[in-house]
Amino acid sequence: MFLSRSVLAFIFLSSLLLFPANSIRLFKAEDESDLFMEAPVYQNGPHCPVLGKDTLICDSSIVHIAMTIDPEYLRGTIAAIHSVVKHGSCPQSVFFHFIASDSSSVVPTQLTRIVKSVFPSLSFKVYVFQKKLVRDLVSSSIRQALDNPLNYARIYLADLLETCIQKVIYLDSDTIVVDDIQKLWNINLTGSRTIGAPEYCNANFDKYFTSDFWSNPSFSKVFEGKRACYFNTGVMVMDLGRWRQGDYTREIEKWMRVQKDKRIYELGSLPPFLLVFGGDIEAIDHRWNQHGLGGDNLVNSCRTLHPGPVSLLHWSGKGKPWVRLDAKRPCSVDFLWAPLDLYKFHGYSRHRQLDGFRFDSL
């Protein structure tokens, strides 16, 4: 799958026609059943595994995906779900594990009803993440959104999910999958590796930690003998069995306590993952995380796609496609997200010019 420059140029020109409307509406409980359109029904093909009559929550033959879910990013989460089932070869053989905060203004039962109204046949469960688990561990970062306790829920997946679940794909809510998720699921984590993710060894690894970290041998020795590279924690294949055996949640918490005392990094939940797993992850093809589309923490900083094939798009950074579209200030890549948006009150019109555009034709 390739997204060519000519296709992007076409989408950008079409975007000039895609406006009038309001900005994003605030979430209201009384509107919960009428926020989103119902998604089309996507069914398994004949080659897919036969689904059991019992609950799928412990079925290891299907794909398990974990995501956080909250009012602010709900629109992104719905689009991400839509992308997975739309492009998957076995959309009914996917189980979603949604993590909601116990301090959210919208209770898990409401979130459950919303997801069910959009995807009536979807297999999923909503779990509650207790803010108190990280209340004394989270330190301020370069962007307020990164300080949200729910941003740290991925550290606790092995504790939150049932012990029968040995493997899971973690996805951020600002991603869309434009390929068969089964391909990502089938990637093996070799040796004793616990995490699989695209690595970026050309990135300046030093910048993810402060000078106080690098000048302290007792800290920096964690990378001795390793070729530690940056990886983005918004897309990960995780072996929860190995995670539990290694007690990696406690390892990450240890570094978070050091951070509270010594200020060894600036960027939210990413650095402690790098400290524990850097140099020892399964390197996955870059097509599975075309990240940085949100501008990498820069306001109104549009990014283009990296060269090469694309299986997953990730709007990491401050700019989110639904916000930019509704504000009538989109980047061209935001119109790759728009066809998957099921929100009824969006601030742009869906134009017929985009009907002929399909990810699977690129």
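Just the heavy atoms: all of them, side chains too, but no hydrogens, waters or symmetry mates, feed the values below. Since the model is a prediction, treat every value here as computed from it, not as a measurement.
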Checklist line | T190/E282 under side-chain hydrogen bond (donor to acceptor under 3.5 Å, both in side chains): CA gap, chis, key distance, verdict | finding: CA-CA 7 Å; T190 58; E282 189 73 32; 2.6 Å; yes
Next item on the list: Output, in order, the C-alpha distance, side-chain angles, deciding distance and verdict of side-chain hydrogen bond (donor to acceptor under 3.5 Å, both in side chains) for Y156 and E253.
Entry: CA-CA 10 Å; Y156 295 88; E253 286 180 336; 2.6 Å; yes
Next item on the list: Take R242 and L189, measure what side chain to side chain contact (heavy atoms under 4.5 Å, CB included) needs, and give me the verdict at the end.
Entry: CA-CA 10 Å; R242 292 175 186 169; L189 303 182; 3.7 Å; yes
Margin query: As a quick check of understanding, evaluate side chain to side chain contact (heavy atoms under 4.5 Å, CB included) for W288 and V237, giving each step before the final call.
Written below: CA-CA 11 Å; W288 285 105; V237 179; over 6 Å; no
Checklist line | Steps toward side chain to side chain contact (heavy atoms under 4.5 Å, CB included) verdict (I195, T233) | finding: CA-CA 10 Å; I195 285 178; T233 57; over 6 Å; no
Next item on the list: For side chain to side chain contact (heavy atoms under 4.5 Å, CB included), just list the numbers for V115 and F124, CA-CA rounded to whole Å, side-chain angles, deciding distance to a tenth of an Å, and then say yes or no.
Entry: CA-CA 9 Å; V115 174; F124 72 94; 3.7 Å; yes
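Taking hydrophobic clusters as Ile, Leu, Val, Met, Phe, Trp and Tyr residues chained together by side-chain heavy-atom distances below 4.5 Å, W214 shares a cluster with V258.
K116 meets the salt bridge (Lys or Arg N to Asp or Glu O under 4.0 Å) test with no other residue; sequence neighbours excluded. The side chain to side chain contact (heavy atoms under 4.5 Å, CB included) check on P120 picks up E38, with sequence neighbours excluded. With sequence neighbours excluded, no residue forms a ring-ring contact (aromatic ring centres under 6.0 Å, His included) with F119.
In this structure, I155 and T249 approach most closely via the heavy-atom pair O-OG1, 2.8 Å. Closest of all the heavy-atom pairs between S83 and V177 is OG-N, 2.8 Å. The shortest heavy-atom contact between I65 and V168 is C-CG2, 3.9 Å. Residues L275 and V222 approach most closely at O-CG2, 3.4 Å, considering heavy atoms. Closest approach of A338 and L325 over heavy atoms only: CB-CD1, 4.1 Å. Residues P40 and H82 approach most closely at CD-NE2, 4.0 Å, considering heavy atoms.
You'll find the ring centres of Y265 and F213 outside the 6.0 Å limit.
Here the options are Y343, W337, F335, W315, the test is ring-ring contact (aromatic ring centres under 6.0 Å, His included), and the partner is W322; only W337 passes. A side chain to side chain contact (heavy atoms under 4.5 Å, CB included) with H314 is found for one member of L171, N232, I176 and no other, namely N232.
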What pairs of donor and acceptor atoms, side-chain ones from residues 201-209 against any protein atom, are under 3.5 angstrom apart with sequence neighbours left out?
| unit_1 | atom_1 | unit_2 | atom_2 | d |
| --- | --- | --- | --- | --- |
| N204 | OD1 | D206 | N | 3.2 |

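Other residues, nucleotides and ligands contribute at most 12 non-hydrogen atoms within 6.0 Å of the NZ atom of K131.
Applying the salt bridge (charged side-chain N to carboxylate O under 4.0 Å, His left out) rule to pairs touching residues 222-237 yields nothing, sequence neighbours excluded. Sorted by first and then second residue, the salt bridge (charged side-chain N to carboxylate O under 4.0 Å, His left out) pairs involving residues 150-159 (not counting sequence neighbours) are R154-D172, D159-R250.
For the pair R75 and D326, the salt-bridge criterion is met [side-chain N within less than 4.0 Å of a carboxylate O]. Between K344 and D34 there is a salt bridge, since a side-chain N of the basic residue sits under 4.0 Å from a carboxylate O of the acidic one.
Panel note: side chain S101, backbone D70; no donor-acceptor pair is recorded below 3.5 Å. Although no hydrogens or angles enter the test, the distance criterion places a donor-acceptor pair under 3.5 Å between the side chain of Q290 and the main chain of H306. At distances below 3.5 Å, at least one donor-acceptor pair connects side-chain atoms of K167 with backbone N or O atoms of W185.
Below 30°, between 30° and 60°, or above 60°: for F273 and F231 the angle between ring planes is above 60°, a perpendicular geometry.
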